Amino acid sequence: MISVTIEQRIIVKFHVKLGKTATETYNLFKEVYGHECLSRARVFEWFKRFQDGREDVEKSSNEQIKIQSNDDCFFRYSWDCVPSLSS
């Protein structure tokens with residue numbers, strides 16, 4: 001049995017071939033899959049990949065998660081969330 005994620009990627013690929021939009025696809029996913037729906041960003045990401053000619057629905061081993069960090073922002077946010085001990 002395939003995972004829900006792969007199932008949704010297959011549907012995205014099918015919708016690209018039908019000429020549907022990423023927005024239409026995402027809205028249908030929310031309706032059908034509820035909380036198991038791919039995020040809007042992932043639907044648009046995979047939509048673009050298939051529009052650009054990608055055929056495979058599996059992630060390749062050389063695809064990595066892109067993480068952007070801003071340490072200043074992180075520390076500022078972290079310290080803002082810590083309750084004051086002097087209160």
Side-chain angles (χ1 to χ4, degrees):
M1 187 168 187
I2 63 173
S3 73
V4 174
T5 300
I6 299 300
E7 180 180 313
Q8 290 178 54
R9 289 179 191 163
I10 292 167
I11 296 168
V12 170
K13 182 178 176 180
F14 181 67
H15 278 204
V16 168
K17 291 182 181 218
L18 285 175
K20 302 289 185 187
T21 67
T23 301
E24 289 175 302
T25 302
Y26 176 67
N27 289 336
L28 287 171
F29 281 174
K30 285 192 306 184
E31 189 176 321
V32 173
Y33 291 98
H35 72 278
E36 289 187 301
C37 172
L38 289 174
S39 70
R40 184 178 187 279
R42 292 297 76 79
V43 170
F44 277 73
E45 175 187 314
W46 281 94
F47 211 89
K48 175 84 169 105
R49 289 176 181 181
F50 293 129
Q51 282 180 322
D52 291 344
R54 182 177 178 134
E55 291 294 322
D56 190 10
V57 295
E58 298 279 344
K59 275 192 164 182
S60 62
S61 60
N62 64 351
E63 288 180 304
Q64 298 176 357
I65 298 172
K66 295 177 186 174
I67 300 174
Q68 296 178 350
S69 68
N70 181 338
D71 291 340
D72 292 339
C73 181
F74 173 76
F75 287 116
R76 187 175 344 107
Y77 175 77
S78 297
W79 285 111
D80 288 345
C81 292
V82 175
S84 173
L85 297 175
S86 60
S87 308

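Fair warning: this is a prediction, and the values are worked out from it, not measured in the lab.
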Cluster overlap F29 with L18, hydrophobic side-chain contacts below 4.5 Å
no

Ion pair check, R9 and E58, cut-off under 4.0 Å:
no

Could you measure the distance from the CD atom of Q8 to the OG1 atom of T5? Nearest 0.5 Å is fine.
6.5 Å

Does the side chain of E7 come within less than 4.5 Å of Y33's, by heavy atoms?
yes

Could you tell me whether the side chain of L28 reaches within less than 4.5 Å of the side chain of I11, counting heavy atoms only?
no

State, yes or no, whether a side-chain contact exists between K17 and F50 at a heavy-atom distance under 4.5 Å.
no

Cluster check L38, F14: I/L/V/M/F/W/Y, side chain < 4.5 angstrom
no

Heavy atoms only: give me the nearest T21-F47 pair and the separation to one decimal.
C-CZ, 3.4 Å

Of the non-hydrogen atoms in Y26 and C37, which two are nearest, and what is the gap between them?
CE1-SG, 3.8 Å

Under the salt bridge (charged side-chain N to carboxylate O under 4.0 Å, His left out) rule, collect the residues that match up with K48, sequence neighbours excluded.
D52

Minimum heavy-atom distance between W46 and V57, given as atom pair plus value:
CH2-O, 3.7 Å

Evaluation steps, side chain to side chain contact (heavy atoms under 4.5 Å, CB included), between K30 and R40
CA-CA 9 Å; K30 285 192 306 184; R40 184 178 187 279; over 6 Å; no

Side chain to side chain contact (heavy atoms under 4.5 Å, CB included) for F44 and T25? Distances and angles first, verdict last.
CA-CA 9 Å; F44 277 73; T25 302; over 6 Å; no

